[in-house]
Amino acid sequence: MPGSFKTEAVVLRSIRFGEADRVLHLYTDDRGRVGAMAKGVRRVRSRLGGRLEPINRVRLVLHEGRGELCTVSQADTVCAHAALRDRRASLERASQACEAVLRLLDSNEPNRPAYNLLCNELSLLDAQPELATRAQALAFRLKLLLAAGFAPELASCAACGDAEHLGAFSPSAGGVVCAGCEAGSFPLDEDAHRFLVTALARPLAETPAAPVRALSQADRAIVETAEYHAHVRLRRVA
Ligand SMILES: [Zn+2]
């Protein structure tokens with residue numbers, strides 16, 4: 001039904017369109033993914049333009065027409081995350097976070113936990129330079145998988161339910177597996193298993209550290225879970 005509505009969103013991606021316009025991929029707090037056209041924003045005098053940069057969190061008035069895309073009629077900044085933009089590592093992590101949301105959450109079903117998680121990650125990266133780490137990026141992705149309904153089984157063997165000898169991870173089984181159920185799995189060291197469990201249990205700001213090898217295994221577990229269950233290809237995080 002055509003009309004205008006208010007929403008809050010993070011700008012995930014912005015693509016040039018025509019002479020002066022942009023197409024925005026937005027993740028909203030109450031409508032999930034929304035695509036919108038921002039008209040004239042590439043003109044020098046556009047007031048909207050600067051507010052609609054990727055990674056910005058904005059309050060919007062959108063007009064819903066008959067087409068697939070809404071049109072932006074008003075935008076106010078909630079948070080521009082200006083500090084993180086000056087730090088390459090933080091900016092890279094913030095872009096990775098937006099990219100993961102772009103890939104994993106593509107429906108217009110509202111998902112408030114996913115929205116809150118993204119906002120939390122961006123404001124942490126903005127406020128605390130030391131959080132721009134691989135461990136932190138993996139913790140974010142793991143929590144995002146949970147919010148999207150694809151969290152891996154970590155407490156017991158995903159195939160037989162056994163709670164011991166969990167030394168491998170099977171994307172097809174959907175989590176950690178025991179020695180008897182290792183077919184199609186890859187090794188998951190105790191360090192990596194502990195990292196996944198702890199990262200999921202703790203707040204983002206308290207992401208545990210882990211050895212490089214453990215982080216690589218955790219990375220693989222997350223990427224392959226997304227691929228197998230959500231049919232989404234995430235890039236590994238370095
Ligand atoms: Zn088993």
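Whatever order the structure lists ligands and atoms in, that order sets their numbers, starting from 1. Only a predicted model underlies this, so the values are computations on that prediction, with no experimental measurement involved. These values consider heavy atoms only, across backbone and side chains, with no hydrogens, waters or symmetry-generated copies.
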A.B. asks: With side chains defined as the heavy atoms from C-beta onward, is the minimum distance between E227 and P171 less than 4.5 Å?
C.D. replies: no
A.B. asks: Could you please tell me which protein N, O or S atoms lie under 2.8 Å from the Zn ion (ligand 1)?
C.D. replies: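 Listed by chain and number, the nearby protein N, O or S atoms are C157 SG, C160 SG, C178 SG, C181 SG.
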A.B. asks: Taking the side chain as everything from C-beta on, heavy atoms only, tell me whether L118 gets closer than 4.5 Å to F140.
C.D. replies: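 A side-chain contact exists here, since the closest heavy-atom pair is under 4.5 Å.
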A.B. asks: Any sub-3.5 Å donor-acceptor pair from N56's side-chain atoms to V11's backbone N or O?
C.D. replies: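 Flag not set: sc N56 to bb V11 has no pair under 3.5 Å.
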A.B. asks: Sub-3.5 Å donor-acceptor pair from the side chain of R103 to the main-chain atoms of R233, do we have one?
C.D. replies: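 At least one qualifying donor-acceptor pair exists.
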A.B. asks: Do I222 and L188 belong together in a cluster built from hydrophobic side chains that touch within less than 4.5 Å?
C.D. replies: yes
A.B. asks: Are a donor atom and an acceptor atom from the side chains of R93 and Q96 found within less than 3.5 Å of each other?
C.D. replies: yes
